[in-house]
Amino acid sequence: MESTLKGKEQVKLDFIPLDFDYLDLDGKCHIRMFGRTSENKRCCVLDTTDAYFWLFPRAGIDLKKYAEKVAKISLEHASRIAKVEKVEIKDKHFLGNPIKALQVFVSNPKDIAVIKDIAKTFHETLEKKETDINFVTRYIIDKNVKPLEWVHVEGRELNQYIEVPFDVDTDIVVMADEIKPTQEHELKLNFLAFDIESTEFEIGKGEIVMISLADHNFHKVLTWKKYSNAPEEVEFVKDEAELIEKFMKIIHERKPDFLVGYFSDGFDLPYLRARAEQNHIKLDLGLDKSNLSFSRGIMPSAKITGRVHIDLYRFVNNIFAYTLQSPTISLNDVAKELIGEEKLEIDLGHITKELRSTHGKIKDAEMRRFSLYNLQDAVLTSKLFLKLWNNLAELTKVVSEPLFEVSRARYAYLVENNILHNLKRFNEIAASRPLGEEIGERREREKYIGAFVKEPRPDVYEKVAVFDFRSFWPSIIVSFNISMPTLLEKKESGGYETPEFEFDGKKRKFYFQKQEGFIPRILKELLEKRKETKAEFKRNPSPVLEAKDYALKTLANATYGYFGFFGARYYSPECGASITAISRYYIHKTIDEIEKFGFEVIYSDTDSVMFALGNKTEKDAKEILEKINKTLPGTMELELENFYVRGIFVMTKKGETGAKKKYALLAKDGNIKIRGFEAVRRDRCDLAKETQDVVLKKVLEEGKADNALAYVIKILKEVREKKAPIEKLIIRTKLKKAIESYEARGPHVVVAEKMLEQGLPVKAGSLIEYVIAKGNSKERIRERAKLPDEVEKGGYDIDYYIEHQIVPAVETIFAVFGITKEQIIEGKKQKNLGEF
DNA sequence: ACCTCTGGCGATAATT
DNA sequence: AATTATCGCCAG
Ligand SMILES: Nc1ncnc2c1ncn2[C@H]1C[C@H](O)[C@@H](COP(=O)(O)OP(=O)(O)OP(=O)(O)O)O1
Ligand SMILES: [Mg+2]
Ligand SMILES: [Mn+2]
């Protein structure tokens, strides 16, 4: 075949890669990147890189002969010849140790699977490595071309119509000859957010009624349902088919680099695809006239060639949401918190019901509202994208994987890729993922010992200081050089060791080598970045910076967790357990020193110490902090978290011990930090949460409980008089698995079954809402659990809400002040012991 | 197909 | 009636 990829015109340009894929051109696998030039031209860059994997030879064999044998592998596969192109003997490192390995270059990355299978049968072969590295990842690593990092490209411009063997809608296509990192330019965010309204929620049922598109200045609503006095953004089309065509047309005209949805992997795009199929429309949203494609699996990812489809819901769900206050991560809640705007309120159920029935009646005013509602969703999504962009981009740069992957990734993926993308400079070959049986065995391993948590003495404390280690366990990994490749069974001079601790039923001690390992090294660099981000957040607090700091902190902590993760390439529960053992040693030591100094240590969880200042000063506390820090090894550092005016610690409900992981602290600025209490839990009703919140606030601000008690008595009275609004009595519990797989059928499971019967969309992951209604109190609670709609005003179970929701939430707090449950329930404002 | 880890509280059902 | 198992969610 004559090459069509030559090109004539020499070009030099600066380019930012946004989207990556690979494809065969002229019989060779090419990387294809889509992005922008520094002149803001839409650009496609083609490049190649070697496809290869590694073979480790058995000891004592003739390497040259082995290499020659491997080099001869050739077979027919998928209607082409899969063969080894060349084999090189290389000096590499594996798990930190020098090793001779064969680098096996193959004709096509897709052939690695079949070729490695043959090579594995050779008696000379000990192991195969890096056979599962994605070709895009391979390219990013070997050519040092990173997602969202500008590169200078020198190459040949290809004539799109004559020389490029695929359709491509960009301003320029370049075959790269040379490509290297260069200075940064501004990237103008060219994107479109979209949202679809349909007559049904289930993919494959119903039809699309309306689609909205939005960016910072473009607003558009498309619908086939005609009505008068439509807002100016609305454009009417003939039918659903034309609606889909028009949607595609707008995307092709506006040419966004990013297509952004909220839950669009789970709903909008699968639904759109189903409807396009039904209408015999080819759903082409990308740059190469190809169909929208989906990755397989329970949570499919919708990929569009040349545009980065970002489902913000997945990023928020996996990475971003942890620092948010919002009760759910619905678009409404997240947008409200981050941009201060909400969805429009409409009766969606009514409208979709009317739209489903052939004789449905919808008023023009309702359709207007519906259109604006749909548009607002797209607008919120677009604003959210701009808000989250920086975090997405930063994380993408840290792990060097494409935005498409990073925006959908969980922490394990980020951890793994942060390591993989840094191996090259250590000349390291990547370890393999576990296979088959190994995974099962790892999953069944016993838990190792984790953190130390001190039992607090329940009381109200004045002037509380809180110390907390910065990135504690990651700093232990770095300071003690802990990782699977640096783990030793015996002590090495100049190396590191753990205290003795119980592991796998035996007293053990582990050792780590002196020579810095690549994982501790990579983590050290991440910690430096995280330290900067934490400082930036302290200087200039914002929810977005807080989320970024949290993501980097958690990426570091998940690197510790990765050691004990069954799917890890660098798996070592011994390391996980060593880290926690060292952490227990240092937190005990820290507690001891603070006590020796004369402070009363109230509580400690993992890496924090809370103590009462007593008759000492904040200056004294800072002094001991400095003293402790002088004794800490490596990069470990204890930080002053804050000084608090007052704090409360309570008993467990059983009343025998002080409750761990439950406390509240009043800061000097009036803010109350609540941890573990029902007030911060999703699965309690609002009335119980709010009541507890008020009680904590009152007792902390006043240092006594009389006003708080009066408040609770008032609330209980209203509950008894059936005055509590149903919304505040709704209990929300997540259905964590398929309904059938529950062994214990709690109220939320039973309600989920009921919802399913009513045709409501319920599946694993749904948040089930229910109210306990009045009924036979001798029966199980689940028998009284009803959908909120089914409970009329005042129809709730008074005793349940008093005995099971409100009183349990406040009784341990009042117990600190000597007030009993009976006093709360009977409303007798008796004098407590302290007042005699 | 994918999944960071352990410690802990408390609600409810299930079992004895 | 008391104890144990299951479940969800949170702290770190
Ligand atoms: N999500 C997590 N996964 C695994 N381990 C965790 C996680 N969160 C906390 N830990 C462990 C490791 C932490 O170093 C340790 C103390 O937690 P914490 O004080 O909240 O964070 P940190 O010490 O890592 O950062 P910070 O500087 O914010 O205090 O507990
Ligand atoms: Mg901490
Ligand atoms: Mn900490």
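Chain identifiers are assigned alphabetically (A, B, ...) following the order of the sequence lines, protein sequences preceding nucleic acid strands; residue numbering begins at 1 within each chain. As a basis for the values below, the full set of heavy atoms in this structure was taken, side chains included, without hydrogen atoms, waters or symmetry mates.
- Using a 4.0 Å heavy-atom criterion, one finds that A/Gly576 contacts no nucleic acid atom at all.
- Residue A/His804 has a polar side-chain atom (N or O) positioned under 4.0 Å from OP1 or OP2 of B/dT12.
- Residue A/Lys660 contributes atom NZ, which lies 6 Å from atom P of B/dC9 at whole-angstrom precision.
- Within the 4.0 angstrom heavy-atom criterion, only backbone atoms of the sugar-phosphate kind lie near A/Gly564; the bases stay farther away.
- Within 4.0 Å (heavy atoms only), A/Arg780 reaches sugar-phosphate atoms of the nucleic acid but no base atom.
- Nearer to the 5' terminus of DNA chain B, by closest-nucleotide assignment, is the contact made by A/Phe565 (compared with the other of A/Ile449 and A/Phe565).
- Taking the six-membered ring wherever Trp is involved, the centroid distance between the rings of A/Tyr586 and A/Phe469 does not fall below 6.0 Å.
- A close approach under 4.0 Å does not occur between any side-chain nitrogen or oxygen of A/Arg745 and OP1 or OP2 of C/dA5.
- At a threshold of 4.0 angstrom between heavy atoms, the contacts of A/Pro573 with the nucleic acid are absent.
- Within the 4.0 angstrom heavy-atom criterion, only backbone atoms of the sugar-phosphate kind lie near A/Arg684; the bases stay farther away.
- At the phosphate of B/dA11, OP1 or OP2 sits under 4.0 Å from a side-chain N or O atom of A/Lys653.
- Between A/Phe512 and A/Phe480, the distance separating the two ring centers is not shorter than 6.0 angstrom.
- The phosphate of C/dC7 has neither OP1 nor OP2 within less than 4.0 Å of any side-chain N or O from A/Lys736.
- Closest to the side chain of A/Arg410, out of B/dT4, B/dC9, C/dG8, is B/dT4.
- A/Arg443 comes within 4.0 angstrom of a base, heavy atoms only.
- Taking only side-chain nitrogens and oxygens, A/Arg675 comes nearer than 4.0 Å to OP1 or OP2 of C/dG12.
- Among the heavy atoms of the strands, none lies under 4.0 Å from A/Phe472.
- Dashed line: the shortest gap from a side-chain N or O of A/Arg682 to OP1 or OP2 of C/dC9 is under 4.0 Å.
- The side chain of A/Pro747 has B/dT12 as its nearest neighbour among B/dT12, B/dG8, B/dC5.
- Taking only side-chain nitrogens and oxygens, A/Arg408 never comes nearer than 4.0 Å to OP1 or OP2 of B/dA1.
- At a threshold of 4.0 angstrom between heavy atoms, the contacts of A/Ala558 include nucleobase atoms, whether or not backbone atoms are also involved.
- Nucleic acid contact for A/Gly561: base, since at least one base atom lies under 4.0 Å from a heavy atom of the residue.
- Looking at heavy-atom distances under 4.0 Å, A/Pro300 makes no contact with the nucleic acid at all.
- Contact check for A/Arg408 versus A/Asp265: side-chain heavy atoms found under the 4.5 Å cut-off.
- Side-chain atoms of A/Tyr603 and A/Glu455 include no donor-acceptor pair closer than 3.5 Å.
- A/Phe452 comes within contact range of no nucleotide atom at all, as no heavy-atom separation falls under 4.0 Å.
- A tilted orientation is assigned to the rings of A/Phe510 and A/Phe501, their planes being inclined by 30° to 60°.
- Contacts of A/Lys737 with the nucleic acid, taken as non-hydrogen atoms under 4.0 Å apart, involve only primed sugar atoms and P, OP1 or OP2.
- Side-chain atoms of A/Arg445 lie closest to B/dC5 of the nucleotides B/dA14, B/dC5, C/dG8.
- Within the 4.0 Å cut-off from OP1 or OP2 of B/dT12, at least one side-chain nitrogen or oxygen of A/Tyr800 is found.
- Nucleotides C/dG12 and B/dC3, compared at atom P, are 27 Å apart to the nearest Å.
- The aromatic rings of A/Tyr22 and A/Phe135 lie perpendicular to each other, with more than 60° between the two planes, well past the 30° mark.
- Residue-level contact check: A/Lys662 touches the backbone only, with heavy atoms under 4.0 Å from sugar-phosphate atoms and none from bases.
- One can place CD of A/Glu811 at 16 Å from P of B/dC9, the figure rounded to the nearest angstrom.
- Across the protein-nucleic acid pair, A/Tyr322 atom OH and B/dT4 atom C1' stand 10 Å apart, rounded to whole Å.
- In this structure, A/Tyr560 atom OH and B/dG7 atom P are separated by 8 Å, rounded to whole Å.
- Taking the six-membered ring for Trp, A/Tyr770 and A/His748 have ring centres at least 6.0 Å apart.
- Within the 4.0 Å cut-off from OP1 or OP2 of B/dA14, not a single side-chain nitrogen or oxygen of A/Tyr742 is found.
- Between A/Tyr663 and C/dG12, a side-chain N or O to OP1/OP2 separation shorter than 4.0 Å is present.
- Taking every side-chain heavy atom of A/Thr733 into account, C/dG8 is the closest of C/dG8, B/dA13, B/dG7.
- Closest to the side chain of A/Thr554, out of B/dT4, B/dG7, C/dG8, is B/dT4.
- Here A/Val749 lies out of heavy-atom contact (under 4.0 Å) with every strand.
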